[in-house]
Undergrad: 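Mind looking over this structure? Questions follow.
What you see below is based on every heavy atom in this structure, not just the backbone, and it leaves out hydrogens, waters and symmetry mates. Computed from a prediction, not measured in an experiment: that's the story for all the values here.
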Amino acid sequence: MSVHGIGMTSQRARARMLENLKAQGIADPLVLAAMQAIPRHPFLEESIQQRAYDETPLPIGQGQTISSPYIVARACELVCRGHTLERVLEIGGGCGYQAAVLSRLAREVLSLERIAKLVGKARQTLRELRINNVLIKNVDGSFGYPAAAPYDAIIVAAAMPYIPEELTRQLKPGGRLVAPVGAGDSQRLVMIEAGPEGACTRQELEAVKFVPLLSGVT
Ligand code: SAH
(Lines give C-alpha, C1' and ligand atoms only; values in the text may rest on other atoms or scores of the structure.)
Protein backbone atom coordinates (compact mmCIF):
# COMPACT_ATOMS: atom_id res chain seq x y z
CA MET A 1 0.00 0.00 0.00
CA SER A 2 1.34 3.39 -0.90
CA VAL A 3 0.65 6.73 0.75
CA HIS A 4 2.21 8.75 -2.04
CA GLY A 5 1.41 6.54 -5.04
CA ILE A 6 -0.99 8.34 -7.36
CA GLY A 7 0.46 11.83 -7.53
CA MET A 8 -1.21 14.58 -9.50
CA THR A 9 -4.22 12.46 -10.41
CA SER A 10 -4.94 12.42 -6.74
CA GLN A 11 -4.63 16.21 -6.37
CA ARG A 12 -7.19 16.83 -9.08
CA ALA A 13 -9.46 14.04 -7.90
CA ARG A 14 -9.36 15.36 -4.36
CA ALA A 15 -10.30 18.87 -5.46
CA ARG A 16 -13.21 17.37 -7.38
CA MET A 17 -14.30 15.38 -4.33
CA LEU A 18 -14.42 18.58 -2.28
CA GLU A 19 -16.53 20.29 -4.95
CA ASN A 20 -18.92 17.31 -4.98
CA LEU A 21 -19.28 17.47 -1.20
CA LYS A 22 -20.14 21.16 -1.30
CA ALA A 23 -22.58 20.62 -4.17
CA GLN A 24 -24.31 17.95 -2.05
CA GLY A 25 -24.75 20.39 0.83
CA ILE A 26 -21.76 19.79 3.13
CA ALA A 27 -21.05 23.28 4.46
CA ASP A 28 -19.21 22.97 7.81
CA PRO A 29 -15.73 24.47 7.18
CA LEU A 30 -14.13 22.16 9.75
CA VAL A 31 -15.55 19.07 8.07
CA LEU A 32 -14.55 20.26 4.60
CA ALA A 33 -11.03 21.00 5.88
CA ALA A 34 -10.80 17.51 7.43
CA MET A 35 -12.01 15.88 4.19
CA GLN A 36 -9.41 17.89 2.31
CA ALA A 37 -6.61 17.06 4.72
CA ILE A 38 -7.05 13.28 4.84
CA PRO A 39 -6.13 11.40 1.66
CA ARG A 40 -8.49 8.55 0.88
CA HIS A 41 -6.39 6.43 -1.48
CA PRO A 42 -3.93 5.08 1.15
CA PHE A 43 -6.86 3.25 2.78
CA LEU A 44 -7.51 1.23 -0.38
CA GLU A 45 -5.77 -1.54 -2.27
CA GLU A 46 -3.54 -0.21 -5.04
CA SER A 47 -5.75 -1.76 -7.74
CA ILE A 48 -8.67 0.55 -6.84
CA GLN A 49 -6.80 3.63 -5.65
CA GLN A 50 -7.65 5.40 -8.93
CA ARG A 51 -11.29 5.45 -7.82
CA ALA A 52 -10.54 6.60 -4.28
CA TYR A 53 -12.06 10.07 -4.68
CA ASP A 54 -15.17 9.03 -6.59
CA GLU A 55 -18.50 9.49 -4.84
CA THR A 56 -18.99 5.77 -4.18
CA PRO A 57 -18.44 3.11 -1.54
CA LEU A 58 -15.53 0.77 -2.41
CA PRO A 59 -14.46 -2.69 -1.24
CA ILE A 60 -11.88 -2.90 1.57
CA GLY A 61 -11.65 -6.69 1.81
CA GLN A 62 -13.40 -9.20 4.11
CA GLY A 63 -16.71 -8.41 2.34
CA GLN A 64 -16.75 -4.89 3.81
CA THR A 65 -16.80 -1.43 2.20
CA ILE A 66 -15.49 2.05 2.85
CA SER A 67 -18.45 4.46 2.92
CA SER A 68 -18.74 7.10 0.17
CA PRO A 69 -17.06 10.46 0.87
CA TYR A 70 -20.48 12.14 1.20
CA ILE A 71 -21.75 9.78 3.90
CA VAL A 72 -18.52 10.16 5.90
CA ALA A 73 -18.74 13.96 5.70
CA ARG A 74 -22.47 13.97 6.44
CA ALA A 75 -22.05 11.92 9.66
CA CYS A 76 -19.19 14.19 10.75
CA GLU A 77 -21.22 17.32 10.07
CA LEU A 78 -24.22 16.01 12.00
CA VAL A 79 -22.19 15.33 15.14
CA CYS A 80 -19.76 18.28 15.03
CA ARG A 81 -22.03 21.30 14.51
CA GLY A 82 -19.16 23.61 13.72
CA HIS A 83 -16.80 22.90 16.61
CA THR A 84 -14.17 20.34 17.50
CA LEU A 85 -15.05 17.57 19.91
CA GLU A 86 -13.29 16.02 22.87
CA ARG A 87 -13.85 12.28 22.49
CA VAL A 88 -15.60 10.39 19.72
CA LEU A 89 -16.53 6.72 19.39
CA GLU A 90 -16.81 5.05 16.00
CA ILE A 91 -18.45 1.64 15.67
CA GLY A 92 -17.29 -0.18 12.53
CA GLY A 93 -13.79 1.15 11.90
CA GLY A 94 -13.23 -0.74 8.63
CA CYS A 95 -10.19 0.60 6.82
CA GLY A 96 -9.84 3.52 9.25
CA TYR A 97 -10.76 6.30 6.83
CA GLN A 98 -13.66 7.77 8.78
CA ALA A 99 -11.59 7.55 11.98
CA ALA A 100 -8.81 9.48 10.22
CA VAL A 101 -11.24 12.22 9.20
CA LEU A 102 -12.55 12.30 12.76
CA SER A 103 -8.97 12.64 14.05
CA ARG A 104 -9.12 16.20 12.67
CA LEU A 105 -12.43 16.94 14.36
CA ALA A 106 -11.86 15.50 17.83
CA ARG A 107 -9.05 15.30 20.33
CA GLU A 108 -9.43 11.53 20.73
CA VAL A 109 -11.05 8.93 18.52
CA LEU A 110 -11.83 5.40 19.65
CA SER A 111 -12.80 3.10 16.81
CA LEU A 112 -14.20 -0.42 17.26
CA GLU A 113 -13.83 -3.05 14.51
CA ARG A 114 -14.76 -6.74 14.83
CA ILE A 115 -12.52 -8.04 12.00
CA ALA A 116 -8.88 -8.38 13.12
CA LYS A 117 -7.45 -8.26 9.56
CA LEU A 118 -9.08 -4.86 8.96
CA VAL A 119 -7.84 -3.61 12.32
CA GLY A 120 -4.26 -4.54 11.40
CA LYS A 121 -4.44 -2.76 8.03
CA ALA A 122 -6.18 0.31 9.45
CA ARG A 123 -3.58 0.68 12.20
CA GLN A 124 -0.79 0.47 9.62
CA THR A 125 -2.35 3.11 7.35
CA LEU A 126 -2.96 5.49 10.25
CA ARG A 127 0.65 5.01 11.33
CA GLU A 128 1.89 5.79 7.81
CA LEU A 129 -0.18 8.97 7.83
CA ARG A 130 1.22 9.82 11.29
CA ILE A 131 -2.22 10.04 12.83
CA ASN A 132 -1.78 9.31 16.50
CA ASN A 133 -5.00 10.31 18.24
CA VAL A 134 -6.98 7.30 16.96
CA LEU A 135 -7.14 4.07 18.93
CA ILE A 136 -8.61 1.04 17.14
CA LYS A 137 -9.84 -1.90 19.19
CA ASN A 138 -10.63 -5.34 17.82
CA VAL A 139 -13.91 -5.83 19.67
CA ASP A 140 -17.62 -6.27 18.98
CA GLY A 141 -18.93 -2.72 19.24
CA SER A 142 -22.66 -3.50 19.14
CA PHE A 143 -23.12 -1.98 22.59
CA GLY A 144 -20.38 0.63 22.40
CA TYR A 145 -17.48 0.83 24.80
CA PRO A 146 -18.69 1.94 28.25
CA ALA A 147 -15.19 1.83 29.79
CA ALA A 148 -14.13 4.96 27.88
CA ALA A 149 -17.54 6.72 27.99
CA PRO A 150 -18.96 9.34 27.95
CA TYR A 151 -18.47 10.51 24.36
CA ASP A 152 -19.28 13.83 22.67
CA ALA A 153 -20.33 11.81 19.65
CA ILE A 154 -20.90 8.23 18.52
CA ILE A 155 -20.86 7.38 14.82
CA VAL A 156 -22.06 3.94 13.79
CA ALA A 157 -20.85 2.75 10.36
CA ALA A 158 -22.83 -0.49 10.09
CA ALA A 159 -26.61 -0.89 9.98
CA MET A 160 -28.23 -1.68 13.34
CA PRO A 161 -31.70 -3.22 13.71
CA TYR A 162 -32.36 -0.69 16.49
CA ILE A 163 -30.30 1.68 18.63
CA PRO A 164 -29.75 0.07 22.01
CA GLU A 165 -30.20 2.19 25.12
CA GLU A 166 -26.79 1.01 26.37
CA LEU A 167 -25.33 3.03 23.51
CA THR A 168 -27.21 6.30 23.98
CA ARG A 169 -26.31 6.16 27.69
CA GLN A 170 -22.65 6.55 26.63
CA LEU A 171 -23.30 10.05 25.24
CA LYS A 172 -22.41 13.20 27.15
CA PRO A 173 -25.33 15.57 27.74
CA GLY A 174 -25.78 17.40 24.44
CA GLY A 175 -23.83 14.67 22.64
CA ARG A 176 -25.03 13.16 19.38
CA LEU A 177 -25.19 9.67 17.93
CA VAL A 178 -25.63 8.98 14.22
CA ALA A 179 -26.43 5.46 13.03
CA PRO A 180 -27.95 3.69 10.04
CA VAL A 181 -30.99 1.80 11.31
CA GLY A 182 -32.86 -0.96 9.50
CA ALA A 183 -32.00 -3.91 7.28
CA GLY A 184 -31.13 -4.49 3.61
CA ASP A 185 -32.67 -1.85 1.35
CA SER A 186 -34.74 -0.14 4.03
CA GLN A 187 -32.24 1.71 6.17
CA ARG A 188 -32.42 5.26 7.43
CA LEU A 189 -29.86 7.47 9.03
CA VAL A 190 -31.03 8.19 12.58
CA MET A 191 -29.67 10.91 14.81
CA ILE A 192 -30.09 10.88 18.58
CA GLU A 193 -29.22 13.81 20.78
CA ALA A 194 -28.82 13.38 24.53
CA GLY A 195 -30.57 16.07 26.54
CA PRO A 196 -29.13 17.61 29.71
CA GLU A 197 -31.15 15.28 31.98
CA GLY A 198 -30.48 12.10 30.04
CA ALA A 199 -33.66 12.28 27.95
CA CYS A 200 -32.98 11.85 24.23
CA THR A 201 -34.48 13.31 21.08
CA ARG A 202 -34.54 11.26 17.89
CA GLN A 203 -34.61 12.35 14.27
CA GLU A 204 -35.01 10.15 11.22
CA LEU A 205 -32.97 11.44 8.27
CA GLU A 206 -32.32 10.21 4.73
CA ALA A 207 -32.38 6.66 3.37
CA VAL A 208 -28.92 5.04 3.36
CA LYS A 209 -27.23 1.72 2.53
CA PHE A 210 -24.64 0.29 4.91
CA VAL A 211 -23.25 -3.19 5.52
CA PRO A 212 -25.00 -4.86 8.48
CA LEU A 213 -23.72 -4.76 12.05
CA LEU A 214 -22.67 -8.30 12.98
CA SER A 215 -21.90 -9.78 16.38
CA GLY A 216 -18.70 -11.45 17.56
CA VAL A 217 -15.04 -10.88 16.82
CA THR A 218 -13.05 -12.57 14.05
N1 SAH B 1 -16.05 3.69 8.70
C2 SAH B 1 -15.56 2.61 7.89
C3 SAH B 1 -16.68 1.89 7.20
C4 SAH B 1 -16.53 0.44 7.36
S5 SAH B 1 -17.91 -0.54 6.90
C6 SAH B 1 -14.47 3.11 6.92
O7 SAH B 1 -14.19 4.30 6.90
O8 SAH B 1 -13.90 2.27 6.22
C9 SAH B 1 -18.50 -1.07 8.45
C10 SAH B 1 -17.56 -1.86 9.32
O11 SAH B 1 -18.29 -2.25 10.49
C12 SAH B 1 -17.03 -3.16 8.72
O13 SAH B 1 -15.64 -3.11 8.67
C14 SAH B 1 -17.51 -4.24 9.69
O15 SAH B 1 -16.56 -5.28 9.91
C16 SAH B 1 -17.72 -3.44 10.97
N17 SAH B 1 -18.64 -4.04 11.94
C18 SAH B 1 -19.80 -4.71 11.71
N19 SAH B 1 -20.35 -5.10 12.87
C20 SAH B 1 -19.53 -4.66 13.88
C21 SAH B 1 -19.56 -4.77 15.30
N22 SAH B 1 -20.54 -5.39 15.94
N23 SAH B 1 -18.54 -4.20 15.99
C24 SAH B 1 -17.51 -3.57 15.36
N25 SAH B 1 -17.43 -3.46 14.02
C26 SAH B 1 -18.43 -3.99 13.28
Side-chain angles (χ1 to χ4, degrees), residues 1-24 26 31-77 88-106 109-138 141 155-159 178 180 187 189 208-214 217-218:
M1 194 180 305
S2 148
V3 172
H4 306 290
I6 61 178
M8 284 314 288
T9 322
S10 141
Q11 291 306 320
R12 276 200 300 276
R14 282 166 75 172
R16 205 168 51 229
M17 182 185 88
L18 258 284
E19 290 314 310
N20 283 340
L21 292 176
K22 289 182 204 162
Q24 289 178 94
I26 303 296
V31 173
L32 289 168
M35 296 295 294
Q36 178 148 40
I38 302 296
R40 196 168 146 91
H41 64 274
F43 293 89
L44 298 167
E45 293 296 336
E46 244 157 49
S47 58
I48 54 169
Q49 284 190 352
Q50 294 291 349
R51 297 172 60 202
Y53 299 93
D54 294 355
E55 184 46 50
T56 180
L58 290 166
I60 55 172
Q62 316 300 312
Q64 305 303 317
T65 54
I66 182 175
S67 307
S68 72
Y70 171 74
I71 202 75
V72 170
R74 172 86 169 129
C76 289
E77 190 169 73
V88 174
L89 177 70
E90 180 193 28
I91 300 172
C95 66
Y97 174 71
Q98 170 121 44
V101 173
L102 286 168
S103 79
R104 293 280 175 145
L105 300 168
V109 181
L110 174 60
S111 177
L112 312 176
E113 171 53 58
R114 62 182 286 276
I115 301 177
K117 276 194 180 147
L118 294 178
V119 171
K121 273 207 249 177
R123 282 183 182 148
Q124 188 192 330
T125 311
L126 293 170
R127 209 166 28 239
E128 283 170 12
L129 293 173
R130 305 199 197 306
I131 292 171
N132 46 34
N133 60 338
V134 175
L135 181 65
I136 309 182
K137 284 189 179 283
N138 186 206
I155 291 183
V156 186
V178 174
Q187 301 173 14
L189 206 58
V208 286
K209 192 159 172 44
F210 279 79
V211 295
L213 189 86
L214 300 171
V217 177
T218 73

Undergrad: Among residues at least two apart in sequence or on other chains, which ones pass side-chain hydrogen bond (donor to acceptor under 3.5 Å, both in side chains) with E55?
TA: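 Per chain and number, E55 pairs via side-chain hydrogen bond (donor to acceptor under 3.5 Å, both in side chains) with S68.
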Undergrad: Sequence neighbours excluded, which residues qualify as salt bridge (Lys or Arg N to Asp or Glu O under 4.0 Å) partners of K22?
TA: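 K22: salt bridge (Lys or Arg N to Asp or Glu O under 4.0 Å) contacts with E19.
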Undergrad: For I38 and F43: C-alpha separation, side-chain torsions, deciding distance, then whether side chain to side chain contact (heavy atoms under 4.5 Å, CB included) applies.
TA: CA-CA 10 Å; I38 302 296; F43 293 89; 4.1 Å; yes
Undergrad: To the nearest 0.5 Å, what is the distance between CG on L135 and CG on L126?
TA: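 The CG atom of L126 is 10.5 Å from CG of L135, to the nearest 0.5 Å.
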Undergrad: CD/E90 to CG/L110 distance, rounded to the nearest 0.5 angstrom?
TA: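 It comes to 9.5 Å.
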Undergrad: How close do V88 and L102 get, counting heavy atoms only, and between which atoms?
TA: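 Distance-wise, the nearest heavy atoms are CG1-CD1, 4.0 Å.
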Undergrad: Indicate yes or no: does E45 engage K121 in a salt bridge with an N to O separation below 4.0 Å.
TA: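 Yes, E45 and K121 are salt-bridged.
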Undergrad: Would you confirm whether R114, through its side chain, and G141, through its main-chain N or O, come within 3.5 Å as a donor-acceptor pair?
TA: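 Flag not set: sc R114 to bb G141 has no pair under 3.5 Å.
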Undergrad: Applying salt bridge (Lys or Arg N to Asp or Glu O under 4.0 Å), can you list everything that pairs with K209, at least two apart in sequence or on another chain?
TA: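 Applying salt bridge (Lys or Arg N to Asp or Glu O under 4.0 Å) to K209 gives D185.
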Undergrad: At what distance, to the nearest 0.5 angstrom, does CG of N133 lie from OG of S103?
TA: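 Between N133 CG and S103 OG, I get 5.0 Å after rounding to 0.5 Å.
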Undergrad: Kindly compute the distance separating CG (N20) from CD1 (I26), expressed to the nearest 0.5 Å.
TA: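 Rounded to the nearest 0.5 Å, the CG-CD1 separation comes to 11.5 Å.
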Undergrad: Which heavy atom in L58 sits nearest to a heavy atom in R51, and how many Å separate them?
TA: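 Shortest heavy-atom contact: CD1-O, 3.5 Å.
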Undergrad: Check whether NZ of the Lys or CZ of the Arg R40 lies under 6.0 Å from the centre of the six-membered ring of Y97 and within 45 degrees of that ring's axis.
TA: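 Because its charged atom sits under 6.0 Å from the ring centre and within 45° of the axis, R40 does stack over Y97.
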Undergrad: Are side-chain heavy atoms of T125 and C95 found at a separation under 4.5 Å?
TA: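 Counting from C-beta outward, T125 and C95 never come under 4.5 Å.
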Undergrad: Among residues at least two apart in sequence or on other chains, which ones pass side-chain hydrogen bond (donor to acceptor under 3.5 Å, both in side chains) with T65?
TA: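 With sequence neighbours excluded, T65 shows a side-chain hydrogen bond (donor to acceptor under 3.5 Å, both in side chains) to no residue whatsoever.
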Undergrad: With sequence neighbours excluded, what pairs up with Q98 under the side-chain hydrogen bond (donor to acceptor under 3.5 Å, both in side chains) test?
TA: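 side-chain hydrogen bond (donor to acceptor under 3.5 Å, both in side chains) list for Q98, sorted by chain: empty.
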Undergrad: Taking side chain as C-beta onward, heavy atoms only, is L213 less than 4.5 Å from I91?
TA: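 In short, these two side chains touch, coming nearer than 4.5 Å.
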Undergrad: Could you tell me which non-hydrogen atom of A99 sits nearest to which non-hydrogen atom of V134, and how far apart they are?
TA: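 For A99 and V134, the tightest heavy-atom pair comes out as O-CG2, 3.6 Å.
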Undergrad: Distance check, rounded to the nearest 0.5 Å: E77 atom CD versus L32 atom CG?
TA: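 Between atom CD of E77 and atom CG of L32 there are 7.5 Å.
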Undergrad: Could you report the tightest heavy-atom contact between P69 and D54, atom names first, then the distance?
TA: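 Minimum heavy-atom contact is CD-O, 3.5 Å.
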Undergrad: Who pairs with R74 by side-chain hydrogen bond (donor to acceptor under 3.5 Å, both in side chains), at least two apart in sequence or on another chain?
TA: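 With sequence neighbours excluded, R74 shows a side-chain hydrogen bond (donor to acceptor under 3.5 Å, both in side chains) to E206, given in chain and number order.
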Undergrad: Compare every heavy atom of P180 with every heavy atom of L189, then report the nearest pair and how far apart it is.
TA: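 Shortest heavy-atom separation between L189 and P180 comes out as CD1-N, 4.1 Å.
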Undergrad: Could you check whether any side-chain N or O of N138 sits under 3.5 Å from a backbone N or O of E113, counting only pairs where one atom can act as donor and the other as acceptor?
TA: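 Yes, because the side chain of N138 sits within donor-acceptor range (under 3.5 Å) of the backbone of E113.
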Undergrad: Measure the spacing between CG of L118 and CD of Q64 and express it to the nearest 0.5 Å.
TA: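 Atom-to-atom, L118:CG and Q64:CD are 6.5 Å apart.
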Undergrad: What are the two closest non-hydrogen atoms of A157 and G92, and how far apart are they?
TA: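 So the two residues come closest at CB-O, 3.5 Å.
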Undergrad: I'd like to know if the side chain of Q187 reaches the main chain of A159, judged simply by a donor and an acceptor atom lying under 3.5 Å from each other, with no hydrogens or angles considered.
TA: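 A pair under 3.5 Å: no.
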